[in-house]
Amino acid sequence: GISLRGAVLLTPRLSLLFEPPSLESLSVESLSFLSLLKPIELLIIGGGRHVGLMPEAPRRWLSTRGVCVELLNSRTACSTFNFMLQERRSVAAILFPMSVEAA
């Protein structure tokens, strides 16, 4: 098994550490990597222990690219990501640690 400490970005083929420390810190710049990936239809974001609000600018940026966003707590987001992979959906996930408290 692999253990990554901190926020992570998951795709069907990659597991990477992700720089912004919390959901509230997401920016268009921090999500720009999505332009390099095979187009995804769904970005699942696990906001930590609780679900928070995503900043408006990155939400709009994703919307203009046809990416739906699902905000969940990180435990549920992880399960949802795994389910979507089994369904062979075009999906990515950003999971923040359970210790990160969303506003």
- Note on the structure: So CG of L53 and CZ of R59: to nearest 0.5 Å the spacing works out to 8.5 Å
- Query: Within the side chain of S74, is there an N or O that forms a donor-acceptor pair under 3.5 Å with the backbone of R49?
  - Reply: no
- Message: Applying side-chain contact (heavy atoms from CB on, under 4.5 Å) to F18 and V8, what does each step give before you reach the verdict?
- Response: CA-CA 5 Å; F18 189 65; V8 295; 5.6 Å; no
- List the atom of P12, the atom of L85, and the distance in Å for their closest heavy-atom pair. CG-CD2, 3.6 Å
- CZ (F33) with more than 12 external heavy atoms under 6.0 Å: yes
- Message: Given 3.5 Å as the limit, does a donor-acceptor pair link the side chain of S90 with the main chain of P39, or not?
- Response: yes
- Under 4.5 Å between any side-chain heavy atoms of L72 and I45, yes or no? no
- Output yes when a side-chain donor or acceptor of S30 lies under 3.5 Å from a complementary backbone atom of S27, and no otherwise. yes
- Task: Drop me the distance from I94's CD1 to L43's CG, to the nearest 0.5 angstrom.
- Result: 4.5 Å
- Less than 4.5 Å apart, any side-chain heavy atom of I40 and any of L34? yes
- Message: Tell me whether Q86 at atom CD has more than 12 heavy atoms from other residues, nucleotides or ligands lying less than 6.0 Å away.
- Response: no
- Value rounded to 0.5 Å, distance of OG in S32 from CD in E29: 7.0 Å
- When rounded to the nearest 0.5 Å, the distance separating CG of L9 from CG of L95 is 9.0 Å
- Message: If you define the side chain from C-beta out and look only at heavy atoms, does anything of T80 sit under 4.5 Å from N82?
- Response: no
- Heavy-atom pair with the smallest gap, counting every atom of L26 and M54: CD1-CE, 4.1 Å
- Sub-4.5 Å side-chain heavy-atom contact between L16 and T11: no
- Note on the structure: Note: A7 and F96 closest approach over all heavy atoms is CB-CD2, 3.6 Å
- Shortest non-hydrogen contact from R65 to S35? NE-OG, 4.5 Å
- Message: Looking at E41, I'd like to know if its CD atom is crowded, meaning that more than 12 non-hydrogen atoms belonging to other residues, nucleotides or ligands lie closer than 6.0 Å.
- Response: yes
- Message: On a heavy-atom basis, which atom in M84 and which in L42 lie closest, and how many Å separate them?
- Response: CE-CD2, 3.6 Å
- Query: Does atom CZ of R75 have more than 12 heavy-atom neighbours from other groups under 6.0 Å away?
  - Reply: no
- Starting at CG of L10, measure out to CD1 of I44 and round the result to the nearest 0.5 Å. 9.5 Å
- Message: Checking side-chain polar atoms at under 3.5 Å, does T76 have a donor or acceptor matched by the opposite partner on S79?
- Response: no
- Item | For the student: nearest non-hydrogen atoms of F81 and V91, plus distance | CE1-CG1, 3.9 Å
